Amino acid sequence: MVTKLSQGFVALCCALMMFGCVDAEQAASTDEVMATTEDAELDTAQQRIAPLTELDLHIRRTVGIPRAGEMSQCKLLKVGVRACGGPEYYMAYSTLVTDEAALLDLVEEYNQLRREHITETNEVSTCDMIPPPKLVFEEGMCRAVATSYM
């Protein structure tokens with residue numbers, strides 16, 4: 001009787017060990033699939049953001065240092081689109097040193113890509129609006145100075 005119980009117990013232990021090994025293999029396989037999926041999602045997000053980053057840098061390089069001879073050469077630029085509306089940020093530029101038509105084309109292209117990005121990713125935001133800064137001319141430079149609201 002002890003022998004039959006021992007044999008049954010050994011068989012049960014072997015079966016449990018086999019199932020345990022399968023579960024470990026399945027878990028390892030599942031972890032690999034999840035890691036691959038996360039990597040693919042990260043690659044897709046990076047691919048989606050790369051053109052925006054490149055255009056943003058191009059806009060900033062086009063503006064350069066906004067030197068001007070007078071206030072009339074200073075302008076304020078609204079760049080980007082936020083999910084709830086309004087621009088991502090404001091930037092001062094000078095018509096003296098910047099090709100305004102080329103700059104406005106870059107900003108429009110950037111804004112369009114942002115709209116597409118918001119739609120594709122279902123992006124949401126806090127819906128707080130960034131108040132427009134005050135445009136000033138100081139020491140031969142155009143500057144966007146933050147204003148405070150109460």
Side-chain angles (χ1 to χ4, degrees), residues 11-150:
L12 178 64
C13 287
C14 287
L16 288 174
M17 285 175 40
M18 283 178 36
F19 286 121
C21 291
V22 170
D23 287 345
E25 289 173 12
Q26 287 176 340
S29 176
T30 301
D31 288 346
E32 289 174 17
V33 169
M34 288 177 65
T36 302
T37 302
E38 289 170 359
D39 289 346
E41 289 172 0
L42 182 59
D43 287 346
T44 301
Q46 289 172 337
Q47 289 172 352
R48 191 179 296 121
I49 292 172
L52 287 166
T53 303
E54 185 63 35
L55 266 174
D56 183 67
L57 290 172
H58 194 56
I59 289 166
R60 293 172 189 275
R61 283 191 297 259
T62 300
V63 167
I65 299 172
R67 292 189 178 94
E70 56 188 41
M71 180 64 181
S72 65
Q73 296 168 326
C74 297
K75 294 203 176 177
L76 191 61
L77 188 61
K78 295 177 185 180
V79 182
V81 177
R82 294 171 55 114
C84 283
E88 289 178 75
Y89 63 90
Y90 294 89
M91 177 182 278
Y93 71 97
S94 168
T95 58
L96 179 67
V97 296
T98 302
D99 179 348
E100 189 172 26
L103 176 62
L104 295 177
D105 286 347
L106 287 171
V107 170
E108 183 51 39
E109 183 180 354
Y110 179 84
N111 292 351
Q112 183 58 39
L113 280 176
R114 275 292 295 143
R115 284 185 208 93
E116 291 170 10
H117 176 79
I118 290 166
T119 301
E120 289 172 5
T121 63
N122 295 316
E123 182 179 309
V124 294
S125 73
T126 59
C127 297
D128 54 336
M129 295 297 168
I130 300 171
K134 181 179 179 183
L135 185 62
V136 297
F137 175 66
E138 294 176 336
E139 300 175 6
M141 302 271 289
C142 303
R143 298 186 193 276
V145 178
T147 55
S148 59
Y149 287 88
M150 297 177 105

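As the structure is a prediction and not an experimental result, all values here were calculated from the model. Heavy-atom basis, side chains included; hydrogens, waters and symmetry copies ignored.
In this structure, M129 CE and R82 CZ are separated by 7.0 Å, a value rounded to the nearest 0.5 Å. Put simply, CD on E109 and CG on L104 are 13.0 Å apart, with the number rounded to the nearest 0.5 Å. Atom-to-atom distance recorded for K75:NZ and C142:SG is 10.5 Å, nearest 0.5 angstrom. Here the CD1 atom belonging to I118 is positioned 11.0 Å from the CG atom belonging to L113, to the nearest 0.5 angstrom. With values rounded to the nearest 0.5 angstrom, T62 atom OG1 is found 8.0 Å from D99 atom CG.
For the pair H58/Y110, no side-chain contact is recorded, criterion being any heavy-atom separation below 4.5 Å from C-beta on.
Summarising the geometry of I59 relative to V79, their closest heavy-atom pair is CD1-CG1, 4.2 Å, with the distance given to 0.1 Å. The two atoms that bring S94 and A68 nearest to each other are OG-CB, 3.6 Å, heavy atoms only. Of all the heavy atoms in I130 and E88, the pair that sits closest is CD1-O, 3.0 Å. Closest of all the heavy-atom pairs between K78 and N111 is O-ND2, 4.4 Å. The two atoms that bring L135 and L76 nearest to each other are CD2-N, 3.8 Å, heavy atoms only. Pairing each heavy atom of R143 with each of A92, the nearest pair is C-CB, 3.7 Å.
A donor-acceptor pair is defined here as one N or O able to donate and one able to accept, closer than 3.5 Å; no such pair exists between the side chain of R114 and the backbone of L52. Using modelled atom types, no side-chain atom of E108 and backbone atom of D105 make a donor-acceptor pair closer than 3.5 Å.
Counting non-hydrogen atoms of other residues, nucleotides and ligands closer than 6.0 Å to CZ of R67 gives a total of 12 or fewer. The environment of NE2 in H117 is crowded: more than 12 heavy-atom neighbours from other residues, nucleotides or ligands sit within 6.0 Å.
Within the cation-pi definition used here (under 6.0 Å to the ring centroid, within 45° of the axis), R60 qualifies as a partner of Y89.
With no hydrogens or angles considered, a side-chain donor-acceptor pair links E116 and Q112 at under 3.5 Å.
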